[in-house]
Every structure is written in C-alpha cells, then in structure tokens.
Amino acid sequence: MTRERLYLYDTTLRDGQQTQGVQFSTDEKHQVCAVLDALGVDYIEGGWPGANPTDSDFFDAAPKTRATMTAFGMTKRAGRSADNDDVLAAVMNAKTPAVCLVGKTHDFHVETALGIPLADNIDNITASIEHIVAQGREALFDAEHYFDGLKSNRDYTLAAAKAAYDAGARWVVLCDTNGGALPHDVRAGVRALIDAGVPGDHIGIHTHNDTENAVANSLVAVSAGARQIQGTLNGLGERCGNANLTTLIPTLALKEPFASQFETGVTADALKTLKKASRTLDDILNRVPHKQAAFVGPSAFAHKAGLHASAIAKDPTTYEHIDPALVGNSRIIPMSNQAGQSNLRERLAGMGLEVAKGDPALQRILDRIKDREAVGYTYDTAQASFELLAREELGVMPSFFEIDRYRVTIERRRNARGEMMSLSEAVVVVHVDGEKLLSVSESLSPIGSDQGPVNALSRALVKDLGSYAKHVDDIRLTDFKVRITNGGTEAVTRVIIDSEDGQGVAWSTVGVSANIVDASFDALVDAIRWKLVRDGAAEATS
C-alpha cells in the first residue's frame, strides 16, 4: 500500500534557541544542522537573519544540506512595501530556498500589538507571501495564535490563514503560540481551514508544550489532515518547549495507524541513530539527558521490578512497547535491594556473563547489594559500579591498578586582578604493572565554578596510568550528583558521577563516604575501572 508523505520541519536552531539558558554559537548551529540533516528531516529552520549576529553568521556560511534550508522572519510592516521593508529584506538576503514568515491571525493581536486595521494585516500577509514567491522561493506562513484566534473571531482567523495560501504559500502552518490548545481544539482547527479551502497537504502544525500536549496535538493534526509537522530535537523551546521530534519521529514510524498510512524522510537506519542525535544535542548544550524521555531516555527501557525482569527475559514484548534497538537505545535491568535473581541473571547476561540459575554467587551478589544500599549506596542508576561489584563476586574482575594514596588541597586566594579564585591541587599515587606512578593536577577557577577538587582528582587519575592511558584519556565527566543519605553531624554522602568517552558511550558510578571528596574519588576510580573492563584491557602483570 502506498503511504502518504509527511514532512518534518525542524526549528531547533530558531525556536529551540528561545529556551532559557540556550544560546547556540555559529559553530554549534552547524553541528546541530549536520545531525538534523543526517537524521532525515525535510526542513531545517536556521534562524532569523538580521535578528542577531549568530543567525546572520550562520546564513552567511550556511552548510549545504539535503534538507531544505529555511530562513525565518515576519511579514512586512504596515505602511511599507515588501520591496522596501528592511527586516523582510534581511530574511530574503539569506538566499535560502524556503522562507517562513510569521504573521498575526488573531484579531486581538492585530489591533493591540500591531495597532492596525484588520484588513491591513491581511494585505501585509498577501503582499509578503507574493514577494517570496515572486523571487522563486518556497513560502511558508506561520499563522501565529491561530487556535486562540478561532475562538475570538473565527471568520477573520480563517481569512488571514487562507490569504497566505491564496498568495502562493506552500504551507500554512497553524501555530498554537501560547501552548494552551487541547487535542479537540487542534482537530477542529485543522478541519476548519480545510473546509475553508486550504488543502490538508498545504497545512502544517506548530505546537508548544505548555499543557504537555504538544506531541498529542501534532498527531491529532495529522489525523485531521495536516501534512507537515514542526518541532524541535529533545523538545527545546520557549517556556515548556515545542513538540518533541525525538518522540514524534519514532511514533510516526513505529505506531499505528501512522506507520501504515504515512512515511517521512527518516529511514529505518536513520531511526537507529535517534538516541545518538538526542545525546549529541545534550552534549552541545552541556545538558544531562532526561532519563525518562520517551524512546531515547536512559530509563526508557529500564525494568526494575523482579516480576517485570522475569517476563522480559522470556519475551521483551511483555513490558516493552517497541524494540529499543529500533531507536538506538538499549534495555536496562537496574539493580537495587528490591531485585530478585531474575533481574540479576538478566542484567548479568547483558554484561556477557551467563550464570546458571541457582548459582550461589547470585545470592552473594544480592546480599552484597542489600548490605551496601543499607549504608547509602544505590545501583539503580550506577550500573557501572554494579557491574564491577558483580564481577568481583563472580571472580572475573581483572586487577588493573592499585591506589597507594591521594591528597587534595584547596587554597582560596586573589589573582593579579584582585578576583577571588580557588586553587585545587590533587596528587594521586598508583601502582601499575609493578611501577609506582605519581600524578599531580591543578585546577584554578573562579569561586563557584565546577573546576574544583573533584575535577582536579579526575584529571590526576587519568594523567598517568601507564599502559592504560590510551583507554582513559578520552573520559570526561558529564554530571556530578551529591546527596546526603542521613542527617546529623556524621552525615553520609552519596556521589553519583556520570562519565562519557569519545565514542559517546555513557556510564554512571557511585561512591559513599562521610567525606564528599572520598566518595567522589571512589566513584571516579570505578568509572576508570569500568572503562578498562569494557575496552578489554589486559590485567596488570604484577
């Protein structure tokens, strides 16, 4: 059966940049653009030329893409012709094959924000779209406040949106600008414009997530007839974010009735890179991945309960709605004091360790986990530390190096400019292959930065590990979480450290101590040991 084409429009680089705390550099925009193009989206909205130097620089050296590169702007201003509007000219000068212009379709905004007659606004829309089309560009019209406008003045909103189509717009994009529309509103809004004379294959949907309905609203729009979906990678966007393409893409590809009725530019092979694409954006933004993100989150296919793990071992479809490999993710069987032998054997099998049912080592591992969690450890998220513990009990944990001692000093002082700085110095002495190695690392940083004693310790640990240096020189810390597990003056501190290597492999380790630096050091050592195990490094000679 022939499937109908759906078009994916990504606005991560424009609307996603409205996220609080997000500001892409030009180079970062190029990196994200490459990820999106490889994924297979149809349109990449690069930004608003002329609105800021970064966007202008991006378009000045816009990369060649398979996707249609699109510049964003607004319709011409009242009292000026399209030829003489400098804001519109800056957008056109980006010379992108497609241009998306936002315009008002809600009478309230026309009369209060623009302060012009309703008819003049429609004239501005018409003239602006005709101007784009006349220059041989593909025109898109972003119908701002469309769904709110329908409730206020239905006839006017439909007239404004249809004016763009009549002027030659390839797509009329219905925007839930305030993010308050619900699925029934979106369905009715799409059908209303189709009934007004705009075909569904010329209608797009742009939703915001202020009611956690952005994905649902986008899917409802498709069911109602829209054939372009706009969104952002990882759901970036102003306030609560935009429709999350990281969720929408696999839903359209793998869930019925969408999978049978529609196709997108994202191939099955590209879909397997979805988790990597999501992580790449997080890395660029220096963000910790959302653990429970649908499809791509680290916990998206985690099964903690013993009953679930037992069923998963027999047939994964018992508790998984898709095969995680389809989106580049993997199954996790976390270990905790709620774990049973079914969880444990499944988790060990995932490590490549087949242990027979009833093996006494299984109970020893479970007992050790329970004992350690009783004093503050947790293995729900620290999967790498669990693996090391299990290997030790099974007698298959190689000995790589021994820590002789370490020391950390912290000095607060002013630099030559009179700024208060913190100097952390770490010294680590290890035994590797019968040789004693000493590493020293310093971390000088402004007060309040993250370049402190733990950073110095991490750098000292990997600075000189002899024959193992090649395995650990690409390790970097991506997150550091501290929790006090009890109260009082003798509080115990739990540290969880997230690490990642140059291949994008991520893992987590745990350390517990009354001393936060000591807990951190234990987690750092586990991170290195796990990396050596994963790389198949040879055991130390002595």
Side-chain angles (χ1 to χ4, degrees), residues 7-19 22-37 41-77 80-104 124-144 164-165 167-175 177 202 204-206 228-233 236-238 242 245 265:
Y7 295 86
L8 300 175
Y9 184 108
D10 183 275
T11 181
T12 302
L13 299 179
R14 200 273 306 173
D15 222 354
Q17 190 166 247
Q18 305 306 310
T19 308
V22 170
Q23 182 61 52
F24 294 113
S25 68
T26 302
D27 181 63
E28 288 169 341
K29 282 200 165 206
H30 282 276
Q31 294 178 54
V32 174
C33 187
V35 169
L36 294 169
D37 201 39
V41 302
D42 299 289
Y43 295 82
I44 297 174
E45 188 175 77
W48 188 327
N52 59 74
T54 301
D55 284 6
S56 297
D57 290 346
F58 173 80
F59 285 109
D60 285 344
K64 294 187 181 300
T65 58
R66 174 207 49 78
T68 301
M69 185 60 66
T70 308
F72 183 88
M74 67 180 184
T75 55
K76 79 171 188 69
R77 289 166 288 180
R80 307 185 185 206
S81 68
D83 287 322
N84 293 318
D85 189 298
D86 57 331
V87 176
L88 181 56
V91 177
M92 299 302 294
N93 288 340
K95 301 189 184 307
T96 54
V99 175
C100 181
L101 298 183
V102 62
K104 308 293 186 185
N124 291 341
I125 293 171
T126 298
S128 299
I129 296 299
E130 288 178 343
H131 181 65
I132 295 172
V133 175
Q135 295 193 30
R137 316 282 184 86
E138 180 178 340
L140 297 90
F141 176 66
D142 186 318
E144 190 178 33
Y165 172 71
R170 169 66 182 89
W171 295 102
V172 178
V173 183
L174 312 185
C175 187
T177 309
H202 285 264
I205 183 69
H206 180 115
Q228 185 197 86
I229 298 177
Q230 297 197 356
T232 60
L233 202 59
L236 287 185
E238 193 172 22
N242 287 38
L245 288 181

Side-chain touch Phe141/Arg170, heavy atoms, less than 4.5 angstrom: no
Heavy-atom closest contact (Ser128 atom, Leu101 atom, distance): CB-CD1, 3.7 Å
Residues Asp57 and Thr54: side-chain donor-acceptor under 3.5 angstrom: no
Intermediate values then yes/no, side chain to side chain contact (heavy atoms under 4.5 Å, CB included), Asp86 and Arg77: CA-CA 10 Å; Asp86 57 331; Arg77 289 166 288 180; 2.3 Å; yes
Spacing of Leu236 atom CG and Asp15 atom CG [to the nearest 0.5 Å]: 10.0 Å
Presence of salt bridge, Lys29 and Asp55, under 4.0 angstrom: yes
Taking every non-hydrogen atom, the tightest pair across Lys104 and Ile125: O-CD1, 3.7 Å
Parallel, tilted or perpendicular: ring planes of Phe58 versus His30, cut at 30 and 60 degrees: tilted
Sidechain-backbone polar pair: Thr70 side chain, Thr68 backbone, donor-acceptor under 3.5 Å: yes
Heavy-atom check, side chain of Leu140 versus side chain of Gln228, under 4.5 Å: yes
Rounded distance [0.5 Å steps], CG in Leu233 versus OG1 in Thr11: 12.0 Å
Met69 side chain reached by Tyr43 side chain, heavy atoms, under 4.5 Å: no
pair Val173-Ile205: side-chain heavy atoms closer than 4.5 Å: no
Residues which pass side chain to side chain contact (heavy atoms under 4.5 Å, CB included) with Ala167, listed by chain and number, not counting sequence neighbours: Thr126, Ile129, Glu130
Interatomic distance, Leu36 atom CG to Leu8 atom CG [nearest 0.5 angstrom]: 10.5 Å
Contact summary for Ala164 and Val172, nearest pair of heavy atoms: CB-CG2, 4.4 Å
Heavy-atom closest pair, residues Gly16 and Val22: O-CG1, 4.1 Å
Smallest separation among heavy atoms of Lys76 and Leu88, with atom names: CB-CD2, 4.2 Å
pair Tyr9-His206: side-chain heavy atoms closer than 4.5 Å: no
Nearest atoms (heavy-atom pairs only) where Trp48 meets Arg14: N-CG, 4.1 Å
Validation row: Val99, Glu138 side chains within 4.5 angstrom (heavy atoms): no
Any donor-acceptor pair under 3.5 Å from Asp37 side chain to Arg66 backbone: yes
Thr75 side, atom OG1; Glu144 side, atom CD - distance, nearest 0.5 Å: 9.5 Å
Glu45 and Leu13, any side-chain heavy atoms less than 4.5 Å apart: no
For Asp142, salt bridge (Lys or Arg N to Asp or Glu O under 4.0 Å) partners two or more places apart: none
Test item: Glu238 and Thr19 side chains (from C-beta on) under 4.5 Å apart, heavy atoms: no
Thr12 and Asp10: side chain donor to acceptor below 3.5 Å: yes
Plane angle bin for His202 and Tyr165 - parallel if under 30°, tilted between 30 and 60°, otherwise perpendicular: perpendicular
All N/O donor-acceptor pairs, side-chain side in residues 89-98, below 3.5 Å, sequence neighbours left out:
residue, atom, partner, partner atom, Å
Asn93, ND2, Ala89, O, 3.2
Thr96, OG1, Ala71, N, 3.4
Thr96, OG1, Ala98, O, 2.7

Polar side chain donor-acceptor pair, Tyr7 to Gln230, under 3.5 angstrom: no
